[in-house]
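Notes follow once the structure below has been shown.
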2 protein chains.
Amino acid sequence: MAKKKISIKDIAKELGVSITTVSFVINGKAKEKRISDVLTLKVEEYIKEVNYKPSHLAQSLRSGKSKVIVFMVEDISNYFFSTIAKLIEEKAYVNGYKIIYCSTENKPEKAKEMIETFKNRNVDGFIITPTPDLEVTIQELLDEDFPVVLFDRWLPAVDCNYVIIENEKSAADATAYLIKTGCKYVGFVTLDSDQNQMQDRLKGYVKTMLENGFQTNILKMSYEGAISERESIEVIQKFIQTSPKLDSILFATNFLALKGLAALKQLNSQIPSDISIVTFDDHFFFNLYQPKITAIEQPLELIAEKLMEGILLQLKNDNDEAHTMKVVLPTKFHIRESTMKIEKD
Amino acid sequence: MAKKKISIKDIAKELGVSITTVSFVINGKAKEKRISDVLTLKVEEYIKEVNYKPSHLAQSLRSGKSKVIVFMVEDISNYFFSTIAKLIEEKAYVNGYKIIYCSTENKPEKAKEMIETFKNRNVDGFIITPTPDLEVTIQELLDEDFPVVLFDRWLPAVDCNYVIIENEKSAADATAYLIKTGCKYVGFVTLDSDQNQMQDRLKGYVKTMLENGFQTNILKMSYEGAISERESIEVIQKFIQTSPKLDSILFATNFLALKGLAALKQLNSQIPSDISIVTFDDHFFFNLYQPKITAIEQPLELIAEKLMEGILLQLKNDNDEAHTMKVVLPTKFHIRESTMKIEKD
DNA sequence: TTGAAAGCGGTACCAT
DNA sequence: ATGGTACCGCTTTCAA
């Protein structure tokens with residue numbers, strides 16, 4: 001019982017007018033093109049009656065614009081990314097754009113292929129957390145005048161707009177705070193990754209430790225998937241036990257912290273009396289955990305806002321000068337129970 | 001420095017052959033159409049050289065197929081949905097399909113509008129968690145022969161394939177388990193929702209309580225957004241305190257449980273000695289919480305598998321009989337510390 | 001073995 | 001004020 005899909009042609013024929021007229025009415029150019037009110041009304045009513053909707057596909061093909069923005073992140077099931085996705089979607093919607101999400105899983109091949117696919121679908125803009133090895137692809141995008149904004153991390157080799165946070169400063173502040181509470185053996189658990197947000201967090205930690213005359217204790221974890229849940233927990237446990245006995249840990253991402261908490265639980269280590277904990281990326285969870293976990297919160301709402309601002313700016317000024325918009329946002333440090341050392345005097 | 005986008009026409013002209021020939025080579029029909037090997041090779045090499053990629057847009061417009069499946073859920077930032085999204089994406093990929101996600105926020109208008117939009121983009125299939133009031137829209141989709149599979153909940157008024165879990169049985173089993181551990185005042189915290197997965201969970205709880213001669217204690221929460229975090233926690237606290245003092249609670253979704261845990265923490269109620277806890281939808285979190293929370297796990301992997309199976313089946317047999325595929329999957333009950341009442345003898 | 005040409009469903013320029 | 005028509009990039013039938 002498939003209703004035959006009705007097209008602009010059918011309408012024109014049915015109403016005995018030309019395709020052009022119908023098109024003008026559809027696109028609200030009736031006044032501008034001085035179509036008579038009578039005709040306009042007639043067309044409008046018929047369109048409503050048969051519930052005609054123009055084909056976006058054909059529109060895109062013809063106009064070269066699709067009103068779609070791609071939001072390409074490492075993993076859409078990660079709370080950080082999916083929350084920003086939702087925020088962006090709202091903002092895009094208001095401006096007449098749709099968002100398509102996708103996950104790269106941090107794989108360069110997958111990212112490249114998806115970018116290619118989306119280019120071929122006339123997507124209007126890209127918001128991307130770049131995988132490694134993506135410089136050339138992004139540069140191509142830029143050369144072809146696609147609006148692009150990177151976020152979470154960026155590519156030093158490419159002159160592309162981005163929105164990131166103060167990674168180094170945030171890590172430095174967190175480390176300094178731990179030291180202030182009396183910690184001397186601060187550990188840093190991060191990913192074995194070249195991504196510059198990770199490098200910056202590392203840098204902030206290392207610098208602060210050295211400035212205070214302490215040795216660094218660093219664990220670089222393999223990527224998820226490369227290693228099982230159980231194994232990664234064991235790795236963290238080993239790290240905690242073999243270093244000069246750690247009195248605190250700074251985790252570079254929230255899922256590392258989750259693993260760390262699982263590891264500590266199994267070891268029966270008490271937080272914060274045995275060991276203090278701070279993590280990047282706040283989460284409902286950390287405020288609910290017993291004890292509450294001190295965390296560095298990224299300003300999600302603001303990130304989303306700046307991303308859309310960056311994209312829309314480029315979208316609006318096609319042939320204008322490329323707008324430079326490299327945004328570095330501050331974070332918020334939530335001090336909670338996991339860093340409240342019991343005073344021993 | 002925008003590279004001019006090259007089209008099949010450019011290739012044909014450059015190589016001095018016809019568009020048709022190029023098209024055949026691109027689509028791997030060279031052999032079938034008996035294009036000479038020499039020509040085929042020449043075209044293939046040139047295509048590689050200029051890195052030509054056909055426009056999906058034009059292909060879709062012409063063929064009516066887009067190789068895109070929409071995954072429309074209530075909230076893509078919810079762990080349950082985003083995990084299934086990721087699983088589905090993999091499976092789709094293998095079969096040459098892309099997935100577009102979107103969130104309805106359970107709003108009928110938004111869902112309707114998005115479905116309309118996607119229809120106009122020649123999307124090939126729909127995987128949907130229906131919002132209320134979506135019967136007509138879904139029926140239209142079906143009438144127009146779009147492949148559709150519903151999940152999480154379904155619409156009794158529409159004869160549409162779906163993949164759900166044994167909601168009533170799972171709730172009944174969980175309730176029975178609580179009773180078995182000695183609970184008499186079992187509370188049930190759910191959403192004020194007509195969605196049948198919620199209704200079924202409620203039914204399972206009520207039935208089991210009545211069968212055992214106990215009174216029911218039910219709290220129907222307003223939807224997220226309609227009420228602040230703080231308010232909803234207060235509502236739960238009030239529920240716990242005013243009923244005939246509850247000795248256990250079954251939460252109908254994981255985010256309700258999270259709120260419940262926050263509420264209990266503030267009340268300083270001890271789990272499980274003061275109150276036992278069970279929740280629908282397992283999560284890494286529940287295994288990490290102190291104490292570990294007993295949970296009803298949905299078989300995410302299996303759900304994703306069945307969903308894709310259902311869609312692909314319909315996709316492959318366009319004009320064949322509509323395949324009936326209504327799948328109801330079992331859940332897994334993880335008994336953890338939150339339901340281990342200390343024996344009082 | 002290859003090519004011409006008719007569309008898919010629109011947009012918008014140029015006539016009238 | 002309204003209509004004719006070329007064209008976006010590709011697929012596919014039919015003809016040569």
Side-chain angles (χ1 to χ4, degrees), chain A residues 3-44 46-47 50-67 116-117 119-124, chain B residues 3-44 47 50-67 116-124:
Chain A
K3 275 187 244 174
K4 201 164 70 250
K5 188 78 185 169
I6 114 162
S7 81
I8 198 170
K9 206 178 291 181
D10 303 322
I11 298 178
K13 194 185 296 173
E14 182 66 30
L15 259 40
V17 300
S18 84
I19 292 180
T20 313
T21 310
V22 179
S23 176
F24 283 151
V25 173
I26 290 168
N27 294 296
K29 294 184 181 169
K31 285 269 173 265
E32 181 188 331
K33 299 292 179 180
R34 299 193 289 188
I35 309 284
S36 70
D37 288 2
V38 193
L39 225 186
T40 305
L41 213 65
K42 194 168 103 184
V43 174
E44 278 173 347
Y46 186 72
I47 286 176
V50 297
N51 189 31
Y52 164 76
K53 302 278 186 250
S55 157
H56 279 295
L57 224 51
Q59 285 177 324
S60 302
L61 178 61
R62 180 64 238 219
S63 64
K65 302 283 164 218
S66 62
K67 287 289 183 179
E116 202 56 56
T117 303
K119 271 161 62 172
N120 285 330
R121 285 184 198 282
N122 282 23
V123 158
D124 290 347
Chain B
K3 274 187 244 175
K4 203 167 65 250
K5 188 79 185 170
I6 113 161
S7 81
I8 199 170
K9 204 181 292 178
D10 303 322
I11 298 178
K13 194 187 295 172
E14 182 66 29
L15 259 40
V17 299
S18 83
I19 292 178
T20 316
T21 309
V22 180
S23 176
F24 285 153
V25 173
I26 289 168
N27 294 297
K29 295 185 180 169
K31 286 269 174 263
E32 182 187 331
K33 298 293 179 181
R34 298 193 290 187
I35 310 284
S36 71
D37 288 2
V38 194
L39 224 185
T40 305
L41 213 66
K42 194 166 104 185
V43 174
E44 279 174 347
I47 285 177
V50 298
N51 188 31
Y52 165 75
K53 302 278 186 246
S55 156
H56 279 297
L57 222 53
Q59 284 177 324
S60 301
L61 179 60
R62 181 62 235 231
S63 63
K65 302 283 164 216
S66 62
K67 288 288 182 179
E116 203 55 55
T117 303
F118 289 125
K119 270 161 63 171
N120 283 331
R121 286 185 198 281
N122 283 23
V123 158
D124 290 347

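Keep in mind that what you see is a predicted model, and the values were worked out from it rather than measured. Letters A, B, ... mirror the listed sequences (proteins, then strands); counts begin at 1.
- Among the atoms of the strands shown, base atoms are found under 4.0 Å from some heavy atom of B:Ile19.
- Side-chain contact between B:Tyr52 and B:Ile8: present, with at least one pair of heavy atoms (C-beta onward) separated by less than 4.5 Å.
- Shortest non-hydrogen contact noted between A:Tyr46 and A:Leu15 is CG-CD1, 3.6 Å.
- Residue B:Arg34 has a polar side-chain atom (N or O) positioned under 4.0 Å from OP1 or OP2 of C:dT1.
- A close approach under 4.0 Å does occur between a side-chain nitrogen or oxygen of A:Ser23 and OP1 or OP2 of C:dT11.
- Checking the phosphate oxygens (OP1, OP2) of D:dG9, no side-chain nitrogen or oxygen of B:Gln59 falls inside 4.0 Å.
- In this model, the phosphate group of C:dG3 is approached by a side-chain N or O of B:Thr21 to a distance below 4.0 Å at OP1 or OP2.
- Put simply, B:Lys33 has no side-chain N or O that comes within less than 4.0 Å of OP1 or OP2 on C:dG3.
- Put simply, the side chain of A:Arg62 and the base of C:dG9 share no donor and acceptor less than 3.5 Å apart.
- When heavy atoms are screened at a 4.0 angstrom cut-off, A:Thr20 is found touching base atoms of the nucleic acid.
- When each of A:Thr40 and B:Ala58 is assigned the nucleotide of DNA chain D bearing its nearest heavy atom, the one mapping closer to the 5' terminus is A:Thr40.
- Residue-level contact check: A:Lys31 touches neither bases nor backbone, having no heavy atom under 4.0 Å from any strand.
- The phosphate of C:dA12 has OP1 or OP2 within less than 4.0 Å of a side-chain N or O from A:Lys29.
- Distance, A:Phe24 CZ to C:dC14 P: 12 Å, rounded to whole Å.
- Remark: A:Ser36 is in phosphate contact with D:dT2, judged by side-chain N or O atoms under 4.0 Å from OP1 or OP2.
- Rounded to whole Å, atom C1' of D:dG9 lies 11 Å from atom CG of A:Asn120.
- When rounded to the nearest whole Å, the span between CG of B:Asn122 and C1' of C:dG10 equals 13 Å.
- Checked by distance alone, A:Ser55 brings no side-chain donor or acceptor within 3.5 Å of a matching partner on the base of C:dG10.
- As rounded to whole Å, 9 Å separates atom C1' of C:dG10 from atom CD1 of A:Ile26.
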